[in-house]
Amino acid sequence: MALLLLEHVTRSVVLPDGELLEILRGIDLRVDEGDHVSIVGRSGSGKSTLLNLLGLIDTPTSGRILVDGVPLEQLSGPRRDGIRGRDIGFIFQQFNLLPRRTALENVMTPLLYAGARQFWRRRALAAEMLERVGLAHRLASTPERLSGGEQQRVAIARALVRGPRLILADEPTGALDVETGAAVMALLDEVAERSGAALITITHDPNVAALARRHYRLDRGALAPVEVGRALDESAEALA
């Protein structure tokens, strides 16, 4: 059974002038536990909309999304929120860190809604994850005292701290230098492999995309598989 299954999913909105804007067109995607999928797409291709659907933040205009075989429309709002908080780790391109909260407090935040075992160990778990992304010396630093790359690593630690079943990474190495980016991707792969989590990476970087086992291109709202190697490089260059 698929962890997440999208069948003929579309998403459209009505503009103020009454015109219908089609953002996603007939998306089909199966994500199993342990999958590593990359999606390349330029600005305006529908990446953010697709991420919101994959993360159960939004619902499709038509088509179906199934979570562990259960159609999304059969899940109540609280149950959907619970799945999102427990099973999905988001790595946002804009970081979305809490201002005036330390790196440690930011990473602890998801654990405030965890079960008793993780809740009572939240400080130790957050500190351990920050150490794994190379920020053991920055636990007490607030976002304004962190560089862009350090903020990105805090965001990654926050996404991973609960051991999610699905990791959604939007340009996870966009603010990092090459060496740190490679280390972060290695960490994402390690955490995903160890826990059996699925990892979906949306990126412009063909080197990051190539680390996945399955590769897709999102173009004008349509999702299509691409081959790794030269075809993937050409796809990323065309969409940059």
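For the pair Pro99 and Thr142, the minimum side-chain heavy-atom distance is 4.5 Å or more. Looking at heavy atoms from C-beta onward, Leu5 lies out of side-chain contact with Val31 at the 4.5 angstrom threshold. Put simply, the side chain of Phe92 reaches to within 4.5 Å of the side chain of Arg158, judged on heavy atoms. Arg138 places a side-chain heavy atom less than 4.5 Å from the side chain of Leu146.
Considering CG of Leu223 and CG of Leu24, their distance stands at 9.0 Å, rounded to 0.5 Å. Note that CG of Asp35 is 8.5 Å distant from CG of Leu29, once rounded to the nearest 0.5 Å.
In plain terms, the two heavy atoms of Gly55 and Ile88 that are nearest each other are O-CD1, 3.8 Å. Ala209 and Ser38 get closest at one heavy-atom pair: O-OG, 3.2 Å. When all heavy atoms of Met1 and Asp32 are compared, the closest pair comes out as O-OD1, 4.1 Å. Nearest approach of Phe119 to Ala114, heavy atoms of both residues: CB-O, 4.1 Å. The two residues Arg162 and Gly115 come nearest to each other via the heavy atoms NH2-N, 4.5 Å. The minimum heavy-atom distance between Arg100 and Pro143, with the atom names listed, is N-CD, 4.3 Å.
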Run the numbers on Lys47 and His204 for side-chain contact (heavy atoms from CB on, under 4.5 Å), then give the verdict. CA-CA 11 Å; Lys47 298 194 307 295; His204 285 97; 4.2 Å; yes
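Judged by distance alone, the side chain of Asp28 and the main-chain N or O of His8 form a donor-acceptor pair under 3.5 Å. Remark: the backbone N or O of Glu171 is paired with a side-chain donor or acceptor of Gln152 at under 3.5 angstrom.
Residues Ser62 and Thr10 have side chains that bring a donor and an acceptor to within less than 3.5 angstrom of each other. Side-chain contact check for Arg11 and Thr61: at least one donor-acceptor pair (N or O, by modelled atom type) lies under 3.5 Å.
Around atom CD of Glu179, no more than 12 heavy atoms belonging to other residues, nucleotides or ligands sit under 6.0 Å away.
Under the 4.0 Å criterion applied to side-chain N and carboxylate O atoms, Arg25 and Asp219 are not assigned as salt-bridge partners. Using a cutoff of 4.0 Å between basic side-chain nitrogens and carboxylate oxygens, Arg194 and Glu190 are scored as salt-bridged.
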